[in-house]
Number of protein chains: 2
Amino acid sequence: MSVSLHDIAKAANVSPSTVSRALNDHPRIGTQTKAHIKSLAKEMGYIPSAVAQSLITNKTWTIGMVITTVADPVVADFVDGVDEVAQTAGYSLFLSNSRNDPQREVAVVETFQSRRVDAIIVVASRIGSTYSSKLDQLKVPIVLIENQKHGDFYHSIFIENTIGAKAAVDHLIELGHRRIGFIGAVDRPKSNDERLLGYKMALQQANIPVEPELISLPDSNDDFERGQRGLAEMVAAQATAVFCYNDRTAIGLIKGCEQQGILIPQHLSVVGFDDIQIASYLRPALTTVRQPRVQMGRLAMQMILGLLDGQAVQNQTLSCELVVRQTTARK
Amino acid sequence: MSVSLHDIAKAANVSPSTVSRALNDHPRIGTQTKAHIKSLAKEMGYIPSAVAQSLITNKTWTIGMVITTVADPVVADFVDGVDEVAQTAGYSLFLSNSRNDPQREVAVVETFQSRRVDAIIVVASRIGSTYSSKLDQLKVPIVLIENQKHGDFYHSIFIENTIGAKAAVDHLIELGHRRIGFIGAVDRPKSNDERLLGYKMALQQANIPVEPELISLPDSNDDFERGQRGLAEMVAAQATAVFCYNDRTAIGLIKGCEQQGILIPQHLSVVGFDDIQIASYLRPALTTVRQPRVQMGRLAMQMILGLLDGQAVQNQTLSCELVVRQTTARK
DNA sequence: CTCAGTTGTGCAAACGTTTGCGCAATTGTG
DNA sequence: CACAATTGCGCAAACGTTTGCACAACTGAG
């Protein structure tokens, strides 16, 4: 099939080991031999087999990344960040969707183990402690981005959900709103809880009672749909402002408003979370909380590199930032 | 490190080959031996090494996908489609960004070759004929999605750019527009040319002269930015409608209009291309040409499966569909 | 001239599987 | 009961590398 070390060895009349050493610039190989072998390898179109190398060196230079779906722009940016530093460090990236299905998630992780990836990155995992049994055996480093099970498992990188959410709601309160709603995400339990906590903290600090009917957790796995569905509860509860779990939920909410003739921000103020690229292009432009997504991806991969280097790495929690645009107004 | 066939063999007092056959349900292994070995393997946490298997079977069950960036929602949907059928067919996906840099693209492809992927999928390749020399040696199937070099290389899947573009411009003409602009993309030469051709065909068919000043090709690699930059030329040329290379360009254009007080669609009609998810959530909602992106991804992977199965597969060109929303109006 | 050090290369084992072949033990057939 | 067929398992080679060790041929110092 493809040309191997042996083929080159035969052509150069040397042993395979000499070819190997020559191509790896081993000092003990004669300069002319080296040159000869290298040119021969090039002209024969030799491409070393990473799989054979992996087998013997016990290192694959691959990392496995399991995500919910790459169609989510937040996840896409994570991937971009990871890929960037992985590529420059010489690692290839296995990508696999779990579609937010825990069963699929473990299946994917097992595939990765079989492939002997050097490390694993999981985005928005719902597995949590189940990993302990699965992964403690194989000693591959694993880092979780926005893990969705409560508790600190393995190495993780988080965002300051609570602080960000509080800032968002603080902003609404400053604008004079008192009946502020929250539309959450059932499929991201932990960050949802944290953002909800920030929401509650802001209200309590302003001595505004937390009313259950202002908190909506529509039972859907689609961000947009949750926004649209949550609207009914919001109007029923007479909210004048809504903080949404994320931008896409806010966008769904806004679409619902449009259909019902509710004006944003005149009738209803809306703030999202994430600051996805499109947020500033919406009209009205979306007020939201910015997450350094690509940076989170880079950081995750850098943590991996540190771990592979035997360093002790710290879990990281990155901060986010309120971006005020046009979907929020005085009450 | 991790438990191998030999470890199980020792524990079961049989030979490694027996273990291998037992786990692979070879008929010539005794039922009790088989059961014993299987339970032993499970309790010892055995996970077969895909790399050792690959080495001997000469099949890695991996496919390499090189994309421009996953942050582009169009590309993301391709990836989702590919991943879906790859996963169910038992293949893992290597993903690598080229950032639309041809040099990076060949580097990535070489990495894939070294990893002995079973097939390669390239999105929006700018390499084209260069592949011949690179890939003819290694007999791995390759399929290109929206190849950006002219000429038919390898197996490809395309979209009916020209027909879609013509439909878009036809729509504008029907609405009474005569001065219709086009804002293109320099970094996607082929599909840009095709969409431009559709634009010209529509005009010619309506006996409207094609005027160079109505065609803008802003020199930028950012979709949004090209839209914003193209606006100046459009107003200078007194366009009453603009067909944009893609939705993100249209969104950039619309943002520029907003800043200059140009009303959409009253002052300017805009139509995009792609129908990315957000298009229907914009206000006004974007008139555009829908591409079956996920389907294209699936199809690409299905072509791969066919090729790996030794079948002769046909290049596919999928059709697209005009979706009229709110950014277009009578002149 | 001798001997230690250096330089250049080859042998062979190893990585963890799969698989063709061989062989003993069991089963079935006449 | 004899012999063929079947059943159950092991041996060893192979996949394409890397690498410790051995070894021969030089080089240079004393």
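Predicted model, so just to flag it, every value in this text is computed and none were measured. Side chains included, hydrogens not; waters and symmetry mates left out as well; all remaining heavy atoms used. Order of the sequence lines fixes the chain letters, A, B, ..., with proteins taken first and strands second; residue numbering starts at 1 for each chain.
With 3.5 Å as the limit, one finds no donor-acceptor pair spanning the side chains of A:Asn100 and A:Asn221. A donor atom on one side chain and an acceptor atom on the other are found under 3.5 Å apart for B:Arg115 and A:Ser92. Between the side chains of B:Ser114 and B:Thr111, no donor N or O sits under 3.5 Å from an acceptor N or O.
Evaluation of atom-type donor-acceptor distances gives no pair under 3.5 Å for the side chain of A:Arg21 against the base of C:dG8.
For B:Ser20, no side-chain nitrogen or oxygen approaches OP1 or OP2 of C:dT17 to under 4.0 Å. Between B:Ser17 and C:dT18, a side-chain N or O to OP1/OP2 separation shorter than 4.0 Å is absent.
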Atom pairs and distances, side-chain donor-acceptor, residues 294-304 of chain B, under 3.5 Å, sequence neighbours left out:
residue	atom	partner	partner atom	Å
B:Gln295	OE1	B:Arg298	NH1	2.8
B:Arg298	NE	B:Glu84	OE1	3.1
B:Arg298	NE	B:Glu84	OE2	3.0

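With sequence neighbours excluded, the residues forming a side-chain hydrogen bond (donor to acceptor under 3.5 Å, both in side chains) with B:Asp77 are B:Arg293, listed by chain and number. In this structure, A:Lys10 has no side-chain hydrogen bond (donor to acceptor under 3.5 Å, both in side chains) partners at least two apart in sequence or on a different chain. Partners of B:Arg104 by side-chain hydrogen bond (donor to acceptor under 3.5 Å, both in side chains), not counting sequence neighbours, listed by chain and number: A:Gln87. Among residues two or more places apart in sequence or in another chain, the side-chain hydrogen bond (donor to acceptor under 3.5 Å, both in side chains) test is passed with B:Asn13 by none. In this structure, the side-chain contact (heavy atoms from CB on, under 4.5 Å) partners of B:Ala11, at least two apart in sequence or on a different chain, are B:Leu40, B:Met44.
Contact check of residues 49-60 of chain A against DNA chain C (heavy atom, cut-off under 4.0 Å) returns A:Leu55, A:Ile56. Residues from residues 5-15 of chain A with heavy atoms under 4.0 angstrom of DNA chain D, sorted by number: A:Leu5, A:His6.
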Below 3.5 Å is the cut-off: list the nitrogen or oxygen pairs between protein and nucleotides 23-28 of chain C, distance only.
none

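Residue A:Asn24 contributes atom CG, which lies 13 Å from atom C1' of D:dG16 at whole-angstrom precision. A:Leu23 places its CG atom 9 Å from the P atom of D:dT17, with the value rounded to the nearest Å. One interatomic measurement links the two molecules: CZ of B:Arg116 to C1' of D:dC15, which rounds to 11 Å at whole-angstrom precision. For A:Asp25 and D:dT19, the CG to C1' distance is 16 Å, given to the nearest whole Å. When rounded to the nearest whole Å, the span between NE2 of B:His26 and C1' of D:dC9 equals 11 Å. For A:Ile29 and D:dT18, the CD1 to C1' distance is 13 Å, given to the nearest whole Å.
Between the axis at the start and the axis at the end of the helix from C:dC1-D:dG30 to C:dG30-D:dC1 there is an angle of 50°, using five pairs per end and rounding to 10 degrees.
For residues 38-53 of chain A, the set of pairs meeting the salt bridge (charged side-chain N to carboxylate O under 4.0 Å, His left out) definition, not counting sequence neighbours, comprises A:Asp25-A:Lys38. Residue pairs meeting the ring-ring contact (aromatic ring centres under 6.0 Å, His included) criterion with at least one member in residues 33-55 of chain A: none, sequence neighbours excluded.
Taking CD1 of B:Ile121 as the reference point, atom NE2 of B:His155 lies at 13.0 Å (rounded to 0.5 Å).
In this structure, A:Arg188 pairs ionically with A:Asp72, as a charged nitrogen and a carboxylate oxygen lie closer than 4.0 Å.
Considering every non-hydrogen atom in both A:Ala119 and A:Val140, the closest pair reads CA-CG2, 3.5 Å.
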